[in-house]
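The structure appears below as structure tokens.
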Amino acid sequence: MSFIEQNLIQNIQAATEALYHKKVEKIILQATNANFEGSHTLVTFGLAKELGQSPESLAQAIGQYLVEKSGIVTQFNVAKGFLNLTINDQVWLQVFNQMRTDKNFGYAPQNGQRVMVEYSSPNTNKPLHLGHLRNIFLGWSMAKILEANGYEVSKTCIVNDRGIHICKSMLAYQKLGEGETPETAGIKGDHLVGKYYVEFDKLHKSQIKPEQTNEKNPATPALQEAEQLLIQWEKGDSATVDLWKKMNGWVYAGFNETYQKVGVSFDKTYYESDTYLLGKDIVQEGLDKGVFYRAEDTSVWIDLTAEKLDKKILLRSNGTSVYMTQDLGTADLKYADYQLDKSIYVVGNEQDYHFKVLFKILDKLGRSYAPGLYHLSYGMVELPEGKMKSREGTVVDADDLLAEMLKIAQEKTDELGKTDDFTPEELQKLYHIIGTGAIKYFLLKVDPKKKMLFNPQESVDFQGDAAPFIQYNFARINSILRKAKQLNVSSQVIDYQAYTQLHSAENHLLQLLASLPAKIKEAAEGYAPSVIAQYAYEVAKGYSKFFAECSIFNAETEAAKSFRVALSAMTAQVIQKAMDLLGIDVPEKM
RNA sequence: GGUCCCAUAGCUCAACUGGAUAGAGCAACUGCCUUCUAAGCAGUAGGUUACAGGUUCGAUUCCUGUUGGGAUCACCA
């Protein structure tokens with residue numbers, strides 16, 4: 001809480017005591033609506049009831065008191081029951097001075113807690129698509145935000161690298177591959193494997209007999225062969241394992257290329273081929289504790305109907321484990337590896353039910369870490385015609401989209417012609433910063449919980465509420481700072497006393513900058529990078545307005561000039577920090 | 001059918017967790033570059049917050065119902 005809020009709350013409490021001889025415990029302030037004068041607002045309806053006063057007269061009385069006694073409130077107005085307070089500009093300048101001298105402004109100190117963010121978690125049978133990008137950017141940003149809130153964060157990825165779906169692409173490759181490799185085919189490894197996954201689907205569908213069309217899982221020869229391959233793999237058959245290793249290697253190389261392109265990485269990768277047998281001992285533990293039960297056919301279940309959930313299978317009658325069993329095992333493994341206080345799973349909302357059940361089971365088993373588990377459930381990215389389906393080819397491929405972003409960035413940059421002095425390398429770097437920034441911002445600005453729409457026809461915005469606009473303001477500021485250096489305008493020392501009247505655009509911007517710490521906290525508590533994205537845009541907009549309305553180098557006084565340079569520098573710093581939390585770079589020039 | 005989620009301007013999204021006259025961007029229309037980067041600024045227009053009730057000083061937000069959309073309910077992962 002800022003000292004302004006502390007001061008106001010204390011003085012409001014003092015006011016109610018002095019005026020009505022009653023101490024009020026909780027005072028809640030909110031930001032003043034833009035249509036009214038002031039920055040802080042006290043909503044008096046609740047207080048009025050408690051004190052037996054009318055909201056209007058109470059607001060008047062407290063307002064009067066604050067102007068006289070607080071030392072920071074210069075004026076107030078009352079609309080209905082809302083008491084709007086205007087804070088002295090000198091106080092705002094103090095706030096400004098405080099934030100610019102704080103190297104860690106916005107960041108919370110270490111809190112000694114460990115948190116894991118698991119994200120991406122791809123299958124190794126097809127390339128990444130737009131939905132994965134939302135997942136990846138959310139995970140990365142969430143990790144950054146938690147770090148900024150003082151957590152020790154580890155980023156992990158659980159690769160789903162085994163199972164029937166992997167065997168499908170292996171089988172198709174065996175049949176049709178003719179020794180093709182990413183090199184000979186000239187195709188990125190993950191795309192090559194994805195191609196054979198599609199081939200398998202074609203083969204499988206062509207083999208479905210007329211009388212099987214209504215079955216949910218028609219047993220075609222192709223499917224049976226793939227199942228056979230899975231059995232071979234589980235036996236450790238060397239030829240099968242070698243093929244599996246080779247194809248997975250291609251996929252990893254492809255994924256890594258994409259990860260690198262978008263600038264994300266992991267501290268730890270778990271492979272399901274290593275962990276898929278985990279969790280069976282937990283099944284035994286659950287049986288011993290009486291949390292699970294064994295059915296007549298020897299399969300193991302948990303009955304969660306009392307919790308308004310269903311019965312869930314945990315071990316098949318043939319003794320093999322299911323998805324849930326593995327997740328129980330990896331939860332224990334993660335905790336054993338990192339002693340986590342919190343563990344965040346970034347997984348799509350189609351798995352809401354799965355995680356509800358998973359967390360409930362771990363809780364029932366008495367795991368101490370259960371309360372710290374959180375499913376960061378995000379909505380699907382949909383196309384105008386509906387959901388993306390990889391088998392039907394209606395997906396927006398991640399690599400294709402990134403390439404298109406770079407292309408648009410290049411076209412737009414070249415069109416504006418402001419980069420004539422750039423070297424080819426600098427230009428490539430700039431296109432990359434702008435292109436990837438645009439897609440990241442596009443995916444992160446929306447509340448994670450909500451599904452969102454991507455229209456390939458309109459693609460991603462580079463204008464208005466978009467990353468390039470924010471980056472543009474950062475570049476603009478750097479231009480200003482370069483010029484300030486040239487002109488020897490010092491912003492180190494500011495004569496605040498000589499600057500008594502802030503321009504409304506300055507005041508607005510300053511208040512925005514001051515709210516960075518609150519926003520970083522809010523983003524972590526709500527698990528919502530969108531809070532930061534919206535904030536970054538507002539700051540950029542605030543600067544743009546200031547830039548248009550206040551001349552910096554032709555300022556009326558020296559004090560104003562140096563303050564404006566300092567305000568610009570501070571804005572650049574805040575923009576950079578906010579964008580960094582989103583995983584978005586900012587350019588010095590553009 | 002059970003459970004869960006969603007519905008806000010023509011389009012894409014906000015709305016400080018129950019607050020004021022519901023805000024931005026895109027698209028449309030008006031102005032503004034011989035002065036610090038116009039990827040910009042200022043303005044006009046655009047809304048019965050799906051619908052019907054309820055709770056209260058006050059509802060886009062909470063409750064009930066209706067309609068429409070999505071997810072999930074596998075001895076798949």
Side-chain angles (χ1 to χ4, degrees), chain A residues 30-36 41 43 45-46 48-49 54-55 79-82 84 123 160 162-166 216-217 272 276 295 297 299-301 308-324 326-327 348-354 356 377 379-380 382 384 386-387 409 412-413 415-416 418 434 442 445-447 449-455 458 461-473 475-480 482-484 487 515 518-519 522 526 530-531 534 537-538 540-541 544-545 547-555 564-565 568 589-590:
Chain A
Q30 64 187 49
T32 302
N33 182 303
N35 297 315
F36 297 87
T41 292
V43 183
F45 297 105
K49 203 174 217 173
S54 83
K80 297 185 184 169
F82 297 87
N84 302 318
N123 289 343
N160 188 335
R162 52 136 255 131
I164 187 69
H165 49 293
I166 310 296
K216 53 183 176 185
N217 248 334
E272 222 179 87
Y276 79 106
D297 62 1
S299 57
V300 177
W301 298 74
K308 282 190 183 166
L309 299 166
D310 277 326
K311 291 174 182 169
K312 190 81 194 170
I313 188 158
L314 298 165
L315 201 65
R316 297 191 185 100
S317 50
N318 66 8
T320 58
S321 52
V322 292
Y323 179 39
M324 187 63 76
Q326 293 175 37
D327 261 8
N349 64 7
E350 58 208 347
Q351 295 200 36
D352 282 356
Y353 182 75
H354 172 78
K356 219 182 261 183
S377 161
M380 298 290 104
E382 293 183 359
K387 205 187 162 190
K412 193 78 194 166
T413 304
E415 189 186 309
L416 291 169
K418 290 192 268 190
I434 296 174
F442 174 80
K445 76 169 176 178
V446 180
D447 184 339
K449 289 191 289 293
K450 295 194 170 177
K451 68 173 182 217
M452 59 182 293
L453 192 115
F454 174 76
N455 187 341
E458 296 166 8
D461 239 322
F462 279 60
Q463 236 92 36
D465 185 5
F469 171 67
I470 303 168
Q471 292 167 324
Y472 167 72
N473 277 286
R476 242 176 174 182
I477 293 171
N478 277 283
S479 170
I480 291 290
R482 282 192 295 272
K483 186 164 180 187
L487 298 175
S515 63
K519 292 292 176 183
E522 188 189 333
S530 57
V531 169
Q534 282 154 27
Y537 175 61
E538 273 185 25
K541 215 163 51 154
S544 221
K545 192 181 176 70
F547 189 85
E549 292 187 13
C550 303
S551 176
I552 294 170
F553 296 112
N554 290 321
R564 285 174 185 175
V565 170
S568 297
K589 287 199 252 180
M590 72 184 271

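Within every chain, numbering begins at 1; the chains are lettered A, B, ... in the order of the sequence lines, protein sequences first and strands thereafter.
Taking atom C1' on both nucleotides, B/G46 is separated from B/U30 by 16 Å, rounded to a whole Å. Separation of the C1' atoms belonging to B/G31 and B/G69 is 43 Å when rounded to the nearest angstrom. Using atom P as the reference point in both B/A24 and B/G40, the two lie 16 Å apart (nearest Å).
A/S377 places no side-chain N or O within 3.5 Å of a backbone atom of A/Q351 that could act as its donor or acceptor partner. Judged purely by atom type and a 3.5 angstrom limit, A/T413 uses its side chain to pair as donor or acceptor with the backbone of A/A409. Using modelled atom types, one side-chain atom of A/R564 and one backbone atom of A/S551 make a donor-acceptor pair closer than 3.5 Å.
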Exercise for the section: Would you sort out whether A/E538 and A/K519 count as a side chain to side chain contact (heavy atoms under 4.5 Å, CB included), showing the intermediate values? Expected result: CA-CA 12 Å; A/E538 273 185 25; A/K519 292 292 176 183; 5.7 Å; no
Exercise for the section: Evaluate the criterion side chain to side chain contact (heavy atoms under 4.5 Å, CB included) for residue pair A/I477 and A/F547; output intermediate values, then yes/no. Expected result: CA-CA 9 Å; A/I477 293 171; A/F547 189 85; over 6 Å; no
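The glycosidic torsion of B/U17 lies within 90° of 0, placing the base in the syn range. Here B/C33 is in the syn range [glycosidic angle within 90° of 0].
Between the C1' atom of B/G40 and the NZ atom of A/K412 lies a distance of 11 Å, rounded to the nearest Å. Distance CG (A/N160) to C1' (B/C76): 11 Å, rounded to an integer number of Å. Atom OH in A/Y323 sits about 11 Å away from atom P in B/C73, given to the nearest Å. Summarising the geometry, the separation between NZ on A/K311 and C1' on B/A74 is reported as 16 Å, rounded to the nearest angstrom. In this structure, CD1 of A/I313 is placed 14 Å from C1' of B/A77, rounded to the nearest angstrom. Computed from coordinates, the A/K545 NZ to B/G43 C1' distance equals 11 Å when rounded to whole Å. If you measure from atom CG of A/N349 to atom C1' of B/C4, you get 10 Å, rounded to the nearest angstrom. Rounded to whole Å, the distance from NE2 on A/H354 to C1' on B/C73 is 14 Å.
Counting heavy atoms from C-beta outward, A/K445 and A/M452 have side chains that stay 4.5 Å or more apart.
Along RNA chain B, the nucleotide closest to A/L416 and the one closest to A/L309 are compared, and the more 5′ of them pairs with A/L309. For the pair A/N84 and A/K356, nearest-nucleotide mapping onto RNA chain B gives the more 5' position to A/K356.
Contacts of A/F45 classified as ring pair (Phe, Tyr, Trp, His ring centres under 6.0 Å), with partners at least two apart in sequence or in another chain: A/F82. In this structure, the ring pair (Phe, Tyr, Trp, His ring centres under 6.0 Å) partners of A/F454, at least two apart in sequence or on a different chain, are A/F442.
Helical stems involving RNA chain B, defined as 3 or more consecutive Watson-Crick or G-U pairs under 3.5 Å, span B:1-7 with B:67-73, B:10-13 with B:23-26, B:28-32 with B:40-44, B:50-54 with B:62-66.
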Practice task
Starting at the 5' end of nucleotides 10-18 of chain B, put B wherever the base has a protein heavy atom under 4.0 Å, S where only the sugar-phosphate does, and a dash everywhere else.
Solution key: --SSS-B--
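Judged by centroid separation below 5.5 Å and plane tilt below 30°, A/F469 does not stack onto the base of B/G40.
Side-chain N/O atoms of A/Q463 include one lying less than 4.0 angstrom from OP1 or OP2 on B/G40. Residue A/R316 has no polar side-chain atom (N or O) positioned under 4.0 Å from OP1 or OP2 of B/A74.
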Short heteroatom pairs, N/O only, protein and nucleotides 32-37 of chain B, under 3.5 Å:
from: B/C36; atom 1: O2; to: A/F553; atom 2: N; distance (Å): 3.3
from: B/C36; atom 1: N3; to: A/I552; atom 2: N; distance (Å): 3.0
from: B/C36; atom 1: N4; to: A/F547; atom 2: O; distance (Å): 2.9
from: B/C36; atom 1: N4; to: A/C550; atom 2: O; distance (Å): 2.7
from: B/U37; atom 1: OP1; to: A/S479; atom 2: OG; distance (Å): 2.6
from: B/U37; atom 1: OP2; to: A/S479; atom 2: OG; distance (Å): 3.2
from: B/U37; atom 1: O2'; to: A/Y472; atom 2: OH; distance (Å): 2.5
from: B/U37; atom 1: O2'; to: A/R476; atom 2: NE; distance (Å): 2.9
from: B/U37; atom 1: O2; to: A/K418; atom 2: NZ; distance (Å): 2.7
from: B/U37; atom 1: N3; to: A/M590; atom 2: O; distance (Å): 2.9
from: B/U37; atom 1: O4; to: A/A475; atom 2: O; distance (Å): 3.4
from: B/U37; atom 1: O4; to: A/M590; atom 2: N; distance (Å): 3.4

Please list, for nucleotides 54-58 of chain B, all pairs of protein and nucleotide N/O atoms separated by less than 3.5 Å.
from: B/C57; atom 1: OP1; to: A/K49; atom 2: NZ; distance (Å): 3.4

